[in-house]
Amino acid sequence: MYGQLALAVDEPVRIPVAAAMLSKLNPEQREAVTYLGGPLLVLAGAGSGKTRVITHKIAYLIDECGYEAKNIAAITFTNKAASEMKARVGILMPGRDAKGLVVSTFHSLGMNILRAEAGLLGYKPQFSIFDASDTARIIGELVNSGDKQEIRGMQTQISNWKSAFVSPEDVMAGSAEEEVHARIYARYQETLRAYQAVDFDDLIHLPVRLFKEHPEALARWQHRLRYLLIDEYQDTNDCQYQLTRLLAGHRAAFTAVGDDDQAIYAWRGASIANLNNLRNDYSQLRVIKLEQNYRSSQRILKVANELINHNTKVFEKKLWSDHGIGDAIRIYAARDDEHEAESVVMKLVAHKFEHQTRYSDYAILYRSNYLSRAFEEQLRSQRVPYTVSGGTSFFEKSEIKDITAYLRLIANPDDDPAFIRAITTPRRGIGNATLEKLGNHAGARRISLFEAASAAGMSELLSPNQLEDLMMFCRFIGRLEARAGKEPCNELLDELLRAINYEAWLYDTFEPRQAEGKWKNVEDFTGWLKRKAEADDKSLLDMVQTIALISMLDGREESPDAVSLSTLHAAKGLEFPHVFIIGVEEDILPFRDSDEKGIEEERRLMYVGITRAERSLQISYCKRRRKGRDWALCEPSRFIEEMPQSELTHAGIHAEAVVSKEEGMDKLARLKALLAKSQPDA
């Protein structure tokens, strides 16, 4: 397979790149990389090196099997995972051509398919991608309600229907209530179509529809993507499963990598059944298990294995490690939530001082966001830096959305939400009365606001001054649109900011310090946009859709030296030397009112939390929690009882003397003082 080694005395022995690469893998990883006999499912346990398998297989396909990079697609769920994968392939293949290799999220791939085939579905290539705030505004208008809970509920329902490839017509056959929802769903789709826009779910839903309705388009993409590698397969929904099946076609040349023990996203449409469906749909499916864990101590893995064995298993699997037995798992019982936060932060600070670690070595994980409040207060009071996952994304900041609205409108003048935001920020003499008349005119003619501005009859509805202000804005957007596909991104961005006088508007609208911060964010954003456009050789028009996807998938990635506060869901895929899982109580974890399937998913969520830890793990619960002005008694989670008790050390109010709050805070202050003295001068 690897060719002949040179044996002549005067010639150096040359070990082929593929052989050298494969020698660094364990036997199961090596088998997964080299297997090309048909469809393959790699069951990759937590910390078992799944990314290594995918990246090595890409290099193997190109180096050893004659595949061109452009005919390979590696698909994952986040931009961060895709970027890491691409970087690691570059390290494996230095100096060799990987041009055209597709390493992307499902949604990025769907976007590229739609852009290339837009005409077949009646879209133009520069369609807009609407985020949750855009779609919430549309749904609010359709249901004639400002109730955020009702709007979010309808958003979720439509998302689930699209993920399951259910059309409005399919829903119509249901109950009277479902018929009402189906009509809203249908009108929602009509509105998106009128705006030449798609939502996040459409980026998968529409390519599936495209391939089912247009076999010639499917054939083009099957020919282009000849081998597929799909990461986190247990997180796919029905629509993503259909997309991969269609692309794989009769060749079934794919490797799916997943772990049924880490399937924790059923609430957003993911289906663990897709792992089992592979066995039903592909009789020749090969299954390879990766069970060696490279992350955690043996004790952590023993606890994780015994816990997850209480679930009904799709595939049997048992993680093991050669990292040594490790410290005992600490189960801490706190009096209440305030005591829990104090004790965790005290232990964290003491551990950092004793072991001279970094703050970023620690994570505090929890089932629900509200549990972080007491910990944030405690960390702030002790001046411990921290980050909270799921906070406001950089791309969700109002100043970034203002600039993005202009870019969206330049790319797609039919984007009405972008039109309204851009024309009113900064204000340019166009008030609500003008916009209302424009909206009525556009609605009557079933055209976009931009098109309605210059449509016949508009001059009869507005005064000459109002019409001139409106047309001046539209002409400005039109000029930029004409240049956006041809001229350098940096010149157009600078001209846009100057023309709308955005910096001056910020200082006129906000306090100086706040305005300065917002303008700095705009400069950071446009600077990033210019660099990325140049690096990827993309026009401003191309970048608009990229911005929409990044803002919905990841936000801006930062890695400060700070303690990580995160939900268990958001922590999936991450690892930390030292982990605290807090609030491990009945009705929190597992979540209240969970049915049998729900309990199994909650158990998988606990398993994910445990397997984030490399060296030490503390699990804590409270004996009581404050609910409003009252106290509620709490019970430790059943998951603690399901762990091997021989590996656990119990501490807290039942295992040690309880010091007063004043004594505890004094002890913590002394630790902080010692820690400050041990740090080198700044």
Side-chain angles (χ1 to χ4, degrees), residues 1-5 15-45 48-76 82 85-86 88-93 96-104 106 109 218-219 221-234 236 241 243-259 274-292 315:
M1 178 182 290
Y2 304 125
Q4 297 295 316
L5 295 178
I15 301 176
V17 172
M21 179 181 71
L22 294 174
S23 68
K24 299 176 182 177
L25 305 177
N26 69 37
E28 292 76 23
Q29 290 174 333
R30 190 157 50 247
E31 183 184 5
V33 168
T34 58
Y35 181 75
L36 292 172
L40 172 65
L41 171 61
V42 179
L43 286 170
S48 63
K50 67 181 179 63
T51 304
R52 171 181 282 197
V53 166
I54 293 172
T55 53
H56 279 65
K57 188 151 195 170
I58 292 169
Y60 180 77
L61 288 168
I62 296 170
D63 263 357
E64 201 64 23
C65 305
Y67 277 84
E68 291 189 53
K70 66 182 181 181
N71 296 137
I72 301 170
I75 310 168
T76 186
M85 212 174 278
K86 209 164 195 174
R88 288 170 70 168
V89 170
I91 292 170
L92 285 174
M93 302 180 62
R96 296 198 296 290
D97 186 15
K99 187 176 181 182
L101 174 69
V102 176
V103 182
S104 76
F106 268 103
L109 177 63
L218 175 59
W221 284 89
Q222 286 177 339
H223 179 74
R224 178 175 171 181
L225 303 179
R226 303 184 68 80
Y227 200 93
L228 304 177
L229 300 107
I230 305 103
D231 190 19
E232 303 285 12
Y233 205 78
Q234 77 282 348
T236 54
Y241 184 73
L243 180 62
T244 53
R245 279 206 71 195
L246 287 163
L247 285 170
H250 68 277
R251 290 196 312 272
F254 68 81
T255 294
V257 181
D259 180 10
N274 286 343
L275 285 169
N276 209 34
N277 288 340
L278 286 174
R279 289 195 297 197
N280 299 329
D281 293 338
Y282 299 97
S283 59
Q284 301 303 311
L285 182 73
R286 177 75 167 272
V287 178
I288 297 173
K289 298 178 184 179
L290 304 183
E291 297 173 295
Q292 182 175 1
F315 298 94

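- Between Tyr282 and Phe254, the distance separating the two ring centers is shorter than 6.0 angstrom.
- We find the CG-OH distance between Leu246 and Tyr241 to be 11.0 Å, quoted to the nearest 0.5 Å.
- Listed for the Gln292 side chain is no donor-acceptor partner under 3.5 Å among the backbone atoms of Gly49.
- Atoms CD1 and CG, on Ile288 and Leu41 in that order, are 9.0 Å from each other to the nearest 0.5 Å.
- Here Arg226 contributes atom CZ and Leu247 contributes atom CG; the two are 13.0 Å apart, rounded to the nearest 0.5 Å.
- Among all heavy-atom pairs drawn from Ser104 and Ala82, the shortest one is CA-CB, 4.1 Å.
- Residues Ala32 and Val53 come closest through the heavy atom pair CB-CG1, 3.9 Å.
- Between the side chains of Gln234 and Glu232, at least one donor N or O sits under 3.5 Å from an acceptor N or O.
- Taking both residues in full, the closest heavy atoms of Leu228 and Ala248 are given as CD1-N, 3.9 Å, listed atom of the first, atom of the second, then distance.
- Counting only heavy atoms from C-beta outward, the side chains of Leu36 and Tyr227 approach each other to under 4.5 Å.
- With hydrogens and angles ignored, the 3.5 Å screen pairs a side-chain donor or acceptor of Arg30 with a backbone N or O of Leu25.
- Judged by distance alone, the side chain of Glu64 and the main-chain N or O of Leu61 form no donor-acceptor pair under 3.5 Å.
- Within the model, atoms CG of Leu278 and OG of Ser283 stand 12.0 Å from one another, a figure rounded to the nearest 0.5 Å.
- Although no hydrogens or angles enter the test, the distance criterion places a donor-acceptor pair under 3.5 Å between the side chain of His56 and the main chain of Arg52.
- One finds the OG1 atom of Thr76 at 12.0 Å from the CG atom of Leu109 (value rounded to the nearest 0.5 Å).
- Stacking of Arg286 on the aromatic ring of Tyr35 is recorded, both the 6.0 Å distance cut-off and the 45° axial limit being met.
- Proximity of a side-chain donor or acceptor of Arg251 to a complementary backbone N or O of Gln222 within less than 3.5 Å is detected.
- Side chains of Arg279 and Asn276 form a contact here, defined as non-hydrogen atoms less than 4.5 Å apart.
- When atom types are taken as modelled, the side chain of Lys57 and the backbone of Thr255 share no donor-acceptor pair closer than 3.5 angstrom.
- In plain terms, the two heavy atoms of Thr55 and Arg88 that are nearest each other are CG2-CB, 3.9 Å.
- For the side chain to side chain contact (heavy atoms under 4.5 Å, CB included) criterion with Leu225, the lone passing option out of Ile75, Val102, Asn71 is Val102.
- For the residue pair Ser48 and Gln29, the shortest heavy atom distance occurs at O-NE2, 3.1 Å.
- Counting heavy atoms from C-beta outward, Leu229 and Ile58 have side chains that approach closer than 4.5 Å.
- Heavy atoms only, all atoms of each residue included: Asn274 and Tyr233 are closest at O-CE2, 3.9 Å.
- Of the possible donor and acceptor atoms, none in the side chain of Glu68 sits under 3.5 Å from a partner among the backbone N and O of Gly100.
- Asp259 contributes no side-chain N or O that, together with a main-chain N or O of Leu43, makes up a donor-acceptor pair within less than 3.5 Å.
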